[in-house]
Structures are given as C-alpha cells and as structure tokens.
Amino acid sequence: MKVGILQSRIRIEEKLIVRELESRGVELVPIPVEREVFRLGGAADGGRDWAALDVVLERCVSHSRALSALRMLETLGVPCVNAWKVGEVCGDKLATNLALVAAGVPVPAARVAFTPESALAAIEELGYPAVIKPAVGSWGRLLARVNDRDAAEAVLEHKATLGTYHHSIFYVQEHVEKGGRDLRVFVVGDEAICAIERRSDHWITNTARGAVASKRELDDELVAISLAAARAVGGGIVAIDLFETPAGYLVNEVNYTMEFRNSIEPTGVDIPAKIVDFVLAVGEGRELSALPAPPRAAAGVPS
Amino acid sequence: MTTTETTVACTECEAPVRIEADALAGEILACGSCGAELELVQLTPARLQLAPEVEEDWGE
C-alpha cells in the first residue's frame, strides 16, 4: 500500500506516525506541502500520479495549506484522512459551532458580529467575562477574556484596526467556569479511544500554553457526546475539546490534525497505532464504522 | 530518514548541531549553543535553515 503524508513541520506526532507506518511495511510518500507544486490536471498534466496513492494522511501545521491541498487531492480522487470537509468545518470555529448545533450537540453560547459596535453588543448580551476568539486559530493563541466594557472596547478596536479582515468576524463566546481544566477526547472512526484532562492555573488550558495532561476516564455520557461531535463534523480522526459543567458537557472545539504527544503516557493508549489502523483501513477501502468515509472516487469537490 | 547520526553547522552561530539517525526532513531542531530554532530542510546532505515564525493559521 502507498500512503502519502501531507506534511510541513515535523513534530513528535509525525515522527511517531511515520515510525508506526514503517512498522506496518507500507510505502510512505512524503508530500511536503511547502515545496510541492500541485498540478491541477494530475498525472495528465505532468504532475505526480496521485491516483497511485491508496490514501493520504494530512498532518500539516498550516490550516489554510492543509485545506487547499486536501481539496485538490480529493478532487483528483485520492482518499484523505481527514477529509477536506472535516478540515473545513473544524478549522473554523464558526463552521464548527454551526455543525454541532445542527446535530444537537451542546456547545457554549456564542455570537458572531461584524463590527466593533455590534460585537460589543454581543458581548454585553452574553455578559462579562466573555471570550473573544479568532474564528481560525489554534494553540490558544489570540484568545481574549474580557472582564469589563473597557477591555472589550480595547480588544475590539485593536482587532478591527490591526488585524486582517478575518479579525473583523468577531466570534464571541460565553465564558464557561471550567474549574481550571478542560477535557479532550480522542476519537478515531466510531471509537473514543481515550481522554485527558488539561489543567492549568491560567484560564487557557491548551497544553501548547503549558497546561498539564492527565488521564480522564471515559464515561457513557462523555463517549456519547464526543462521538456525536465527531459525526457532526464529518468523522475521521478528531480530538474533541469539552468543558464539564454542572449542567453537563459542552463541546468547545474539534481539532482535525490533533496533537497527542502529551497524551500517550498518561492514557497508556498507543494513539499513533490507532491512527495508522484507521488510515490503512481507509486505504484498503474497508468499512470501519458508520461514520462517513472519505470519498474514493474522483467525483468532484464534496459539497 | 538519515542512516547515521551526523552534525551540521548552525546557520546562526556555526556551532555543531546534531542530526539524529532517525531525523526526518521538516523537523525543527534547537541549536544547543545559541538557541536558534532550525528547520532540517534536507537530509542528504543534511541542510539547516532558520525555522519560520509561527503563522496565524498554524495549529492542530
């Protein structure tokens, strides 16, 4: 089997996945997204013979490049993990929220506004503190918890003046009291394979910002909401970030190129092996689960 | 992947930077001398360049 790996920076995660793929005896085809020239006509256009790949695993650190590459590869008939549509939904908090709400998955209250004035009204409707997030972004960067009107006005003015147009799509979320931690459930296909808690003294609890991971036992409710969230965004290999509140779990975000270096040891789960199992199954065309499978045929861009 | 461990000069301070035998193109290495973040852009022969700054859409 030929497995393409769409990659840019090689993190610990990519090394672990490559080692696992090599141990399975598959042929690895690195696709360095920053050096690749994608010929839109494929092999007929003098480019790579993408059709020779059984499956491509997307592991880019850049959302925009991942999304464009997945779109091209899928259109050229290559099954991708995750699918382009999954990246499109998970890479944009607004799209994620819409998909989760449509599927009936509980989420924190959120508002979207397009001017500083309407965004301020949205924040005041939610109440202080509130959280302003970039719709596209990760690792807990550019999040702002605003505790009062003065701070809200300042952040909104800075975003509108200094940011690109993306920053004038104001995504505002209620501040959820999460007890210094959030939860992350790793979902592969239709299985919640393990979960962690991420604890920090800071209100941002991303491990990229120094939060410490420990094992979280899965319970029926946690599994159910995580699988529902995975289905809502299109399935595949995703990490579901949740808050635990007195009223139940809320899904905060879904990550489609998940990092897991800090989660193998505390959970005891071989996450790279689970990822590779799924990728190889997709490459073999096996039906792994009831979740939507990445498209195999060159049937155009998925809608 | 390289087959043997090697060293390459840091592009910033020229101190030797160790390239592990299982290194992959695209890996980020830190210079032990000046602390610069370096990208291993090529394996054979090993070649380093200053790693790019994190961009706005990077993440997981």
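Nothing here was measured: the structure is a model prediction, and the numbers come from that model. Throughout, a chain's letter reflects where its sequence line sits, starting with A, and its residues are numbered from 1.
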I'd like to know if the side chain of A:T96 and the backbone of A:V89 have a donor-acceptor N/O pair within less than 3.5 Å. yes
Is A:R11 in contact with chain B via its backbone, its side chain, both, or neither, using a 4.5 Å heavy-atom distance? side chain
Pick from A:N255, A:V61, A:N206, A:I12 with the largest number of heavy-atom pairs that fall under 4.5 Å of chain B: A:V61
Identify, with sequence neighbours excluded, every residue that meets salt bridge (Lys or Arg N to Asp or Glu O under 4.0 Å) alongside A:D241. A:R184, A:R198
Hydrogens and angles aside, do B:E56 and A:H167 bring a side-chain donor and acceptor to less than 3.5 Å of each other? yes
Indicate whether the side chain of A:N252 and that of A:Q173 have a donor and an acceptor atom separated by less than 3.5 Å. yes
Neighbour count >12 (heavy atoms, 6.0 Å) for atom NE2, A:H158: no
For chain A, which residues of residues 31-39 of chain B have at least one non-hydrogen atom nearer than 4.5 Å to it? B:E39
Checking A:S8 against chain B: side chain, backbone, both or neither under 4.5 Å from a heavy atom? backbone
Can you name the residues that form a side-chain contact (heavy atoms from CB on, under 4.5 Å) with A:H166, not counting sequence neighbours? A:T164
Checking A:K15 now: which residues fulfil salt bridge (Lys or Arg N to Asp or Glu O under 4.0 Å) with it, not counting sequence neighbours? B:D22, B:E27
I'd like to know which of A:M258, A:Q7, A:E13, A:R141 tops the heavy-atom pair count under 4.5 Å against chain B. A:R141
Side chains of A:W139 and A:E259: is there a donor and an acceptor less than 3.5 Å apart? yes
